[in-house]
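Notes to accompany the following structure.
Each chain gets a letter, A, B and so on, in the order its sequence line appears, and its residues count up from 1.
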Amino acid sequence: MKHTSIEKIIINNLKRDNIQANDIVTVNVDRVMIHDIFIPFVAEKFEEMGFSKIWDPSKAVLIYDHLVPASSVEDIRHFKIGDSFADKYEIKNIHRSDGICHQLMLEAHYVKPGDVVFGTDSHTTTYGSIGAFSSGVGYTEMAAILGTGQLWVKVPETVRVTVNGKLPDNVTAKDIVLRLIGDLGADGANYKALEFTGSTIFDLSIASRMTIANMSVEAGAKAAIFEPDEKTAEYCGILFEDLPKISGDRDADYVNEIHYNAEEIVPVMACPSSVDNIKPVAELEGIPIDQVFIGSCTNGRLEDLTVAADILKGKKAADHVRLIVTPASREIYKQAARSGILNTLISAGAIITHPGCGLCCGRAGGILSEGERIVATNNRNFLGRMGPASVDIYLGSPAVAAASAIEGKIALPKP
Amino acid sequence: MVIKGKIWILGDNIDTDIIIPTEYLAMKRIEEMKKYAFSPLRPELAELIAPGDIIVAGRNFGCGSSREQAPEIIKELKIGCVIAKSFARIFYRNAINNGLLLIEHSLIPDLISEGEYIAAVIGEYIEYKEAKYDLAPLPPNLMEIIEAGGLVAAMKNKNI
């Protein structure tokens with residue numbers, strides 16, 4: 001029997017010989033993530049369900065990121081409820097200001113290749129970048145997982161996405177995933193897994209694979225999955241020989257196959273106000289902007305800040321443009337400080353904000369005003385996401401964001 | 001389990017903002033919110049829906065945000081079940097967890113008329129105008145959640 005990557009992870013999790021797409025199975029959960037926005041609801045439902053202990057407190061991770069630092073007095077309540085829930089049920093894995101949940105779950109090695117992981121956030125698909133099956137759930141379900149260690153899932157059908165060849169200069173993982181979402185549509189991968197393969201994919205860093213896995217949910221995907229390789233082993237701090245074999249069989253039952261030549265991919269943006277409204281940057285050049293945001297769980301890693309710093313080195317953001325840079329974690333923040341990247345960005349006029357979800361989820365750290373336009377590297381451009389509904393959000397790569405900051409209008413990076 | 005009710009038809013991509021617009025989410029109780037259900041699309045609908053009625057829709061019902069209030073409101077309106085060609089993933093799970101029965105069916109949404117009656121014998125068939133259409137059984141674990149009245153109640157039953 002031939003299987004897709006996700007099917008192999010689930011077979012291994014269940015210790016069964018065989019499963020197939022659309023089977024409903026109950027998986028054993030290897031790790032869960034709860035963030036500050038939903039912890040009060042999870043805590044309430046958990047006690048209402050009558051549980052007296054967490055199935056395995058060492059497998060739960062609590063991360064404060066959406067409300068850090070607090071921007072309204074009510075925010076503190078979430079931290080207090082989180083702290084007392086953790087105390088009462090012996091959760092030791094708490095991060096109170098270390099960065100964005102999806103970055104920390106991988107950076108701090110909470111997730112390993114082959115794991116089955118759920119989080120109270122739709123972008124939990126990010127962990128597919130290292131070969132884990134991970135997806136978002138509601139707070140009621142999270143409460144049930146905490147009590148039982150299990151969750152039912154429908155084994156997803158898989159779409160195989162193959163990208164071969166060498167990406168042109170200034171074309172990045174962000175452009176690949178935006179192009180894919182444009183081609184699939186915002187519900188094109190609903191219920192399904194997106195399995196990524198091809199020479200271009202194996203050439204990508206783990207950080208770039210995270211960008212693609214993160215945004216896969218914007219096409220409705222339940223999960224994204226990348227085959228673990230030497231880079232995965234190094235990132236996860238495990239021996240290559242010890243990696244589980246998670247590779248989709250060539251003749252497995254894929255529901256759809258999509259092929260791209262890397263050479264034909266161009267810098268693109270998701271235009272207002274849907275993630276599948278994709279246009280080449282070349283067609284958007286010259287649109288005046290008020291703000292640029294480089295950060296988020298999609299594009300706030302060291303390689304993203306490095307790309308931006310290389311473009312901004314010795315230059316300045318346009319006078320009227322507010323350039324906001326948010327490293328995805330404290331660790332990235334430290335590395336960017338040590339390597340001089342922060343200095344370059346600050347000298348170019350950037351406002352550096354603390355690692356967290358702030359601006360991306362529209363809570364703090366650079367909200368826009370009526371009728372303004374922003375070029376941003378995060379994952380959603382829904383109406384009203386970063387301010388009033390009249391704000392136009394253009395999503396693109398860090399390279400396009402940096403080039404646009406200098407010009408004060410949407411611009412392609414210079415070759 | 002037999003569900004019989006009058007049909008209300010909705011189209012494709014009924015998103016969670018149509019089911020309950022964001023502006024009403026801050027209300028304290030679901031009961032207060034329910035009269036605004038589907039208001040961007042059909043403001044009169046919530047008042048017309050009677051207990052036991054059935055919603056039939058097209059593709060991707062419940063797409064958009066993960067708000068659990070969306071299925072809670074449909075449940076509060078005492079809709080018997082929602083039949084659609086497909087459901088958005090997080091809505092599907094949130095609905096089951098709140099004890100709202102969903103039926104995926106590829107043919108029914110194209111066959112029916114609003115105001116007519118339809119019956120579903122869960123796990124067996126759907127009956128419409130004396131014709132019967134096969135209905136795949138829901139897995140026992142999901143039926144257990146629905147029959148208990150939602151995931152909180154189902155867990156409570158197990159923990160007692």
Search all heavy atoms of [X] against all heavy atoms of [Y] and return the closest pair with its distance.
{"X": "B:Asn94", "Y": "A:Gly138", "value": "OD1-CA, 3.9 Å"}
{"X": "B:Arg89", "Y": "A:Gly136", "value": "NH2-O, 2.7 Å"}
{"X": "B:Glu68", "Y": "A:Tyr139", "value": "OE2-N, 3.1 Å"}

Could you check if a side-chain atom of [X] sits within less than 4.5 angstrom of a side-chain atom of [Y], using non-hydrogen atoms only?
{"X": "A:Met49", "Y": "B:Leu151", "result": "yes"}
{"X": "B:Pro139", "Y": "A:Lys154", "result": "no"}
{"X": "A:Thr140", "Y": "B:Met155", "result": "no"}

Q: Select one option (side chain, backbone, both, neither) describing which atoms of B:Tyr92 are under 4.5 Å from chain A's heavy atoms.
A: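 Interface part for B:Tyr92: side chain.
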(Q) Does any backbone or side-chain atom of B:Ile145 lie under 4.5 Å from a heavy atom of chain A? Answer side chain, backbone, both or neither. (A)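 For B:Ile145, the side chain is the part near chain A, not the backbone.
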Which atoms of [X] approach chain B - backbone, side chain, both or neither, heavy atom under 4.5 Å:
{"X": "A:Phe46", "answer": "neither"}
{"X": "A:Ser52", "answer": "neither"}
{"X": "A:Val153", "answer": "both"}

Q.
Tell me whether A:Asn256 at atom CG has more than 12 heavy atoms from other residues, nucleotides or ligands lying less than 6.0 Å away.
A.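 Yes, enclosed.
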(Q) For A:Asn22, I'd like to know if atom CG has over 12 heavy atoms of other residues, nucleotides or ligands within 6.0 Å. (A)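 Atom CG in A:Asn22 is crowded, with more than 12 foreign heavy atoms closer than 6.0 Å.
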(Q) Under a 4.0 Å threshold between the charged nitrogen and the carboxylate oxygen, would B:Lys156 count as salt-bridged to A:Glu48? (A)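 Salt bridge between A:Glu48 and B:Lys156, a charged N being under 4.0 Å from a carboxylate O: no.
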**Q.** Check: B:Phe87 main-chain N/O paired with A:Asn190 side-chain donor or acceptor under 3.5 Å
**A.**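 A pair under 3.5 Å: yes.
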Q: To the nearest 0.5 Å, tell me how far B:Glu104 CD sits from A:Tyr191 OH.
A: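 The distance works out to 4.0 Å.
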(Q) Quick one, A:Glu141 with B:Ile90, criterion side chain to side chain contact (heavy atoms under 4.5 Å, CB included). Give me CA distance, side-chain angles, the key distance, then yes/no. (A) CA-CA 11 Å; A:Glu141 284 205 306; B:Ile90 297 180; over 6 Å; no
